[in-house]
Amino acid sequence: MRVETIGLATLYLGDCRDILPKLPKVGAVVTDPPYGIGKDGQKRTTGGNGGRKAYDFKGWDAERPARDIFDAIRALSDDIIIWGGNYFADVLPATGKWLVWDKGQRINQSDGELAWTSYHGALRIKVLNRVELMTDGAEHPTQKPVKLMKWCIDQVRGHGAILDPFMGSGTTGVAAIQMGREFIGIEREPEYFDIACKRIEDAQRQGDFFTGAAA
Ligand SMILES: C[S@@+](CC[C@H](N)C(=O)[O-])C[C@H]1O[C@@H](n2cnc3c(N)ncnc32)[C@H](O)[C@@H]1O
C-alpha cells in the first residue's frame with residue numbers, strides 16, 4: 001500500500017476493503033462507487049456536448065461493491081453521500097434527502113444521476129451540464145465535475161475530514177481542498193491514483209498561492 005500526504009489530503013493506493021476498517025471516524029463520506037454497469041473502458045464518441053474520450057478497460061465496473069463495504073462506510077460517519085444510490089438502494093436505509101444531478105441535456109445519454117444521502121429532508125437538484133468536465137479536463141471514464149462535488153460537500157453537516165473510498169481521478173479531493181477541508185482518498189488503480197495525486201497537488205498549490213502559504 002502506498003500513502004501520499006499532500007497538504008490537507010491523505011491518499012491511499014489500495015483496496016478500500018482493506019483500508020476502511022483501519023480508518024478513524026471522519027466528518028463525512030462523499031463517494032461515487034462502481035455501479036456495476038460496465039462503464040469502464042468506453043470507446044471514443046463524437047457528437048453532442050463534445051463527445052467522450054476513449055479509456056483503457058480495467059474491469060473495475062463489472063460489479064457493484066458488496067453490502068459489507070457500505071456497512072464499513074456507515075460505521076465511519078453519520079454524514080454520507082453516495083452517487084449511484086439507485087443501484088444500492090437495497091443495501092442502504094430509506095432516507096428523504098436524495099440529490100439529483102440534472103445534466104442539463106436531453107440527448108441520447110442519461111438526463112441525470114442520483115445520490116443517496118444519510119439525511120432526512122428535502123430532495124435537492126443541481127443543474128450542471130456535463131461539458132463542465134471539459135473545463136475540468138476529463139481523465140477518468142466516469143469523472144464527476146468538481147462543481148458537483150463542491151455542491152455535495154456544501155450539503156454535508158459533519159465537520160472534519162471528507163473521505164472518498166472510491167476516489168478515481170480525485171474529484172472529491174479537489175473539491176474538498178478547494179473548500180479548505182481535510183480529505184482522505186482511496187483508489188485501487190495505480191493510473192487513476194497518480195492522476196488524483198496530480199490533481200489534488202495542483203488544487204493544494206493554487207490554494208496555497210491564494211492564501212499566501214506558498215513559499
Ligand atoms: C465511479 S469511479 C469514481 C470516479 C470519480 N468520482 C472521479 O470523479 O474520478 C470508481 C472508482 O473506484 C475504484 N475502485 C473500485 N473498487 C475499488 C476498491 N475496492 N477499492 C478502491 N478503489 C476501488 C475504481 O478503480 C474507480 O476508479
> Got a sec, which residues hit side chain to side chain contact (heavy atoms under 4.5 Å, CB included) with I37, two or more places apart in sequence or on another chain?
Replying inline: Y35, K39, D61, Y87
> Listed by chain and number, what are the salt bridge (Lys or Arg N to Asp or Glu O under 4.0 Å) partners of K150, not counting sequence neighbours?
Replying inline: none
Which donor-acceptor pairs under 3.5 Å do the side chains of residues 67-75 make with protein atoms, sequence neighbours left out?
none

>> Among residues at least two apart in sequence or on other chains, which ones pass salt bridge (Lys or Arg N to Asp or Glu O under 4.0 Å) with R106?
In response: D102, D111
>> I need the full list of side-chain hydrogen bond (donor to acceptor under 3.5 Å, both in side chains) pairs touching residues 4-13, with sequence neighbours left out, sorted by first then second residue.
In response: R2-E4
> Looking at residues at least two apart in the chain, or sitting in another chain, which of them share a side chain to side chain contact (heavy atoms under 4.5 Å, CB included) with Q204?
Replying inline: I6, L8, I177, D208
> Taking only residues two or more places apart in sequence, or in another chain, which ones meet E63 in a salt bridge (Lys or Arg N to Asp or Glu O under 4.0 Å)?
Replying inline: none
>> I need the full list of salt bridge (charged side-chain N to carboxylate O under 4.0 Å, His left out) pairs touching residues 79-91, with sequence neighbours left out, sorted by first then second residue.
In response: R64-D90
> What pairs meet the side-chain hydrogen bond (donor to acceptor under 3.5 Å, both in side chains) rule with one or both residues in residues 17-30, with sequence neighbours excluded?
Replying inline: D15-R17
> Can you pull the salt bridge (charged side-chain N to carboxylate O under 4.0 Å, His left out) pairs that have at least one residue in residues 113-129, sequence neighbours excluded?
Replying inline: K103-E113, E113-K144
> Which salt bridge (charged side-chain N to carboxylate O under 4.0 Å, His left out) pairs, counting each pair once, include a residue from residues 157-181, with sequence neighbours left out?
Replying inline: none
>> For K147, give me all partners under salt bridge (Lys or Arg N to Asp or Glu O under 4.0 Å), at least two apart in sequence or on another chain.
In response: E132
